Amino acid sequence: MGLFAPDRYFSRVSRIDVDRDLLGRGLRFVLLDIDNTIRRRDNHEVPLDVRVWLDRVRERGAAVCLLSNNCHANVYDLADELGLPIVAKAMKPLPFGYMRATRMCGASVGETVMVGDQICTDVVGAKLVGMKSYLIAPLVEQDLPHMAALRHIERRVVGDRIPEGAPTSVSSQAKE
Ligand SMILES: [Mg+2]
């Protein structure tokens, strides 16, 4: 089960506190999944809170590299737009993309965290290279058909665990 267990589980990427959850834990480098982590899979929109979080990460001196299995041209366009380096066609959970991305950033594995919405790719790959991993609840539930089986496995792993930053009451939902 260790391979499938993320170090933390957040409701959104923007709920990762840059000082407390990254820098305070010695994590200066972030490998960041794209689809359903920072960009909605349905309309390809990057939500405002995600953009603000990315600015904050960089302001605080941490480095971000996109790491995606996606091989469409639009992921390179997104990397350009956000001003971030990218390793696409990464074939997560295989280790090559992780190693390439850490090399590109001049990062060490121990100072790097993989942030993504899928256990079977993002989390497992991070574990295979000995890297920390933060799982994010997917931005939209709608997913590619072939992912249904993987999501089923993920639901079994995550179970009833409530992601950090998720609204816990009606009143906090109202503030969202
Ligand atoms: Mg994803």
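What you are looking at is a predicted structure, and each value in this text was computed from that prediction instead of being measured. Order of listing sets the numbers, starting from 1, for every ligand and every atom in it.
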Heavy-atom check, side chain of L139 versus side chain of V13, under 4.5 Å: no
Salt bridge between R25 and D19, side-chain N to carboxylate O under 4.0 Å? no
Should M114 and F29 be regarded as members of a common hydrophobic cluster, given that ILVMFWY residues are connected when their side-chain heavy atoms come within less than 4.5 Å of each other, either directly or indirectly? no
Show which side-chain atoms of residues 126-136 pair as donor or acceptor with protein atoms under 3.5 Å away, not counting sequence neighbours.
{"residue": "K127", "atom": "NZ", "partner": "A5", "partner atom": "O", "Å": "3.1"}
{"residue": "Y134", "atom": "OH", "partner": "D21", "partner atom": "O", "Å": "2.6"}

Kindly give the heavy-atom pair with the smallest separation between S68 and V75, and that separation in Å. OG-CG1, 4.4 Å
Strictly below 4.0 Å, N to O, side chains only: are R39 and E45 in salt-bridge contact? no
Count of protein N, O or S atoms below 2.8 Å from the Mg ion (ligand 1) equals 3
